Amino acid sequence: MKGSIEICNNVIYAGASDFRLKRFENLFPVPDGVSYNSYLIADEKTAVIDGVDAAVAGEFLYNVSSALNSRALDYIIVQHMEPDHSASLFSLVKEYPNARLVMSARAKAIFENFFGAVFSDRIIIVKDGEELSLGKSTLKFIFAPMVHWPEVMVTYDETDKLLFSADAFGSFGAVAGDIFDDNADFYAYSEEMRRYYSNIVGKYGAQVNLLLDKAARLDIRAICPLHGRIIRKNLSAVLEKYKKWANYEPESEGVFIAYSSMYGNTKRAAFALADEIAARGAEVEISDVSSKDISYLVSSAFKFRRIVLLSVTYNGGIYPKTEAFINDMKALGLKDRIFGFIENGSWAPMSAKLMRASLSELKGCAFSDEVITLRSAFKREDESRLGEFAERLLQTDLVE
Ligand code: FEO
């Protein structure tokens, strides 16, 4: 990407993308890379909003220098101290010795955990709602704790009506040249946005709701997140999706089928069930828990109201990959879902009972009372029960 890209007036994109990273947080696959966004406002005073990951720090420093065009840097605004944004700050602070760092008190504590107290005299602590004038632009700092760490704040540029939203409204996927959402395929983009949201921020729905309430009181022209594209064309659609995700509301009343299958028998049942569900007009998606990364399974669990788990019985328990998926749903606090179970066991099938017991910890969830037990192979008599299984699942309602 060329040194810097103008977003509007004197707001310039100074971030960079990593196209080679395999796993974000060393955990989530990023087949299309990831971007670390940073923004520079060149008003009467100049300010950089957040840094980038160490992997692209050199590119970032070049972009900032290019955007400043020989001017001094006055402020470095630190919204979030996670190293995917802060790892480059030490170099930036050293490069611009007159720049003051602007952050929350909690961010200062984390900053000093990472870098020591060497820049304490350059740090300006701001409170929730405090403002900073850069000349024509006034920045308002809005605290957003646990979206996604406790020190997080977002920044509203009252003049340009931009919301610099930290991790909120971010997405996986590198950006190159076209940093806006204008030309992106919105369906594909929102799929990766949900995978990012559900896995990274999914646990903090209550806190995201608080941020959404604050954002609803602002006149926003575009959202500038720390990952992914700048959102301006699909603003209302993205806000609508965020409201659903924050409340754990599904986007579809249809069915997500997640199966484990060691030798293909349970897989046959899964695909036959998908046919029965589709034949009844409901949306259906199917994944093999062994071949699909768990981050995609979690994203689908956020998308669908109904989830069918098919698990073989393994060491007297749930198949490990299925169990890991269940544990992730619990860790992220998913709620208000309807589950169905199909188990397989050659001599002592146990997994349906165990899956239900484990998922009973989720709030507001219901369970279809139709459970199918396969004994080794998937047989005609099993297949004949799938229509009734699908009917019962689609008719099951949430617990009041
Ligand atoms: Fe993109 Fe929570 O860091």
Side-chain angles (χ1 to χ4, degrees), residues 11-15 36-43 45-54 57 60-61 63-64 67-68 72-135 137-158 162-170 200-201 204 207-208 210-211 214-215 218 223-227:
V11 182
I12 299 158
Y13 183 84
Y36 305 104
N37 300 341
S38 168
Y39 304 92
L40 186 135
I41 304 175
D43 201 331
K45 298 281 187 186
T46 59
V48 164
I49 300 182
D50 287 315
V52 299
D53 188 78
F60 164 64
L61 291 173
N63 290 349
V64 170
L68 282 170
L73 179 61
D74 297 301
Y75 298 109
I76 299 166
I77 292 159
V78 181
Q79 299 189 121
H80 183 17
M81 270 306 300
E82 193 165 6
D84 55 331
H85 312 292
S86 69
S88 56
L89 288 181
F90 194 85
S91 304
L92 187 71
V93 174
K94 283 207 299 185
E95 184 96 2
Y96 297 95
N98 295 318
R100 310 285 306 274
L101 290 128
V102 179
M103 62 182 80
S104 66
R106 295 196 82 162
K108 179 172 185 275
I110 299 174
F111 184 93
E112 292 182 350
N113 284 345
F114 277 112
F115 302 120
V118 285
F119 300 120
S120 300
D121 57 334
R122 292 172 59 187
I123 293 176
I124 300 170
I125 300 292
V126 290
K127 294 194 169 64
D128 189 18
E130 205 167 321
E131 297 187 344
L132 174 71
S133 173
L134 300 179
S137 319
T138 299
L139 303 181
K140 181 171 188 168
F141 305 113
I142 300 166
F143 284 17
M146 298 318 296
V147 187
H148 128 248
W149 279 16
E151 84 292 2
V152 169
M153 63 182 191
V154 301
T155 303
Y156 179 58
D157 176 344
E158 294 176 348
L162 301 176
L163 180 66
F164 298 95
S165 62
D167 275 342
F169 306 103
I200 308 282
V201 203
Y204 305 111
Q207 291 85 349
V208 173
L210 291 176
L211 175 59
K214 291 178 179 179
L218 304 173
I223 293 177
C224 305
L226 288 180
H227 303 285

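All figures in this text were calculated on a predicted structure; none of them were measured in a lab.
Using a distance-only test at 3.5 Å, with no hydrogens or angles considered, a donor-acceptor pair links the side chain of S120 to the main chain of A117. When atom types are taken as modelled, the side chain of D43 and the backbone of S137 share a donor-acceptor pair closer than 3.5 angstrom. A donor-acceptor contact shorter than 3.5 Å links the side chain of E151 to the backbone of M81. Looking at S38, its side chain never comes within 3.5 Å of a backbone N or O of G15 through a donor-acceptor pair. When atom types are taken as modelled, the side chain of R106 and the backbone of P145 share no donor-acceptor pair closer than 3.5 angstrom. Distance alone, capped at 3.5 Å, places no donor-acceptor pair between the S86 side chain and the L89 backbone. Between the side chain of D157 and the backbone N or O of L139, no donor-acceptor pair lies under 3.5 Å. With hydrogens and angles disregarded, no donor-acceptor distance shorter than 3.5 Å links the side chain of E95 to the backbone of L92. Side chain of S165 to backbone of I223: no donor-acceptor contact under 3.5 angstrom is found. In this structure, the side chain of T46 engages the main chain of D74 through a donor-acceptor pair within 3.5 Å.
Ionic pairing of K140 and D128 is not present here: no N-O contact between side-chain nitrogen and carboxylate oxygen is shorter than 4.0 angstrom.
Ring centroid separation for the pair F90 and F119 comes in under the 6.0 Å cut-off. Between Y39 and F164, a ring centre-to-centre spacing shorter than 6.0 Å is recorded.
Put simply, CE on M103 and CD1 on I76 are 8.5 Å apart, with the number rounded to the nearest 0.5 Å.
Listed here is the closest heavy atom pair of I12 and A67: CG2-CB, 3.8 Å. Scanning all heavy atoms of the two residues, the minimum distance from R100 to I124 falls at NH2-CG1, 3.6 Å. Across all non-hydrogen atoms, the minimal contact from A168 to P225 is O-CB, 3.5 Å. E82 and D167 make their closest contact through OE1-OD2, 4.1 Å (heavy atoms, listed as atom of the first residue, atom of the second, distance).
Taking the six-membered ring where the residue is Trp, H80 and H148 present perpendicular rings, their angle passing 60° and hence far from 30°. The aromatic rings of F114 and W149 sit parallel, their planes meeting at an angle under 30°, below the 60° perpendicular limit.
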Yes or no on side-chain hydrogen bond (donor to acceptor under 3.5 Å, both in side chains) for H85 and N37, after CA distance, side-chain angles and deciding distance?
CA-CA 8 Å; H85 312 292; N37 300 341; over 6 Å; no
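You'll find the side chain of V154 stays beyond 4.5 Å of the side chain of F143, heavy atoms only.
Within a 6.0 Å radius of NZ in K45, no more than 12 heavy atoms belonging to other residues, nucleotides or ligands are found.
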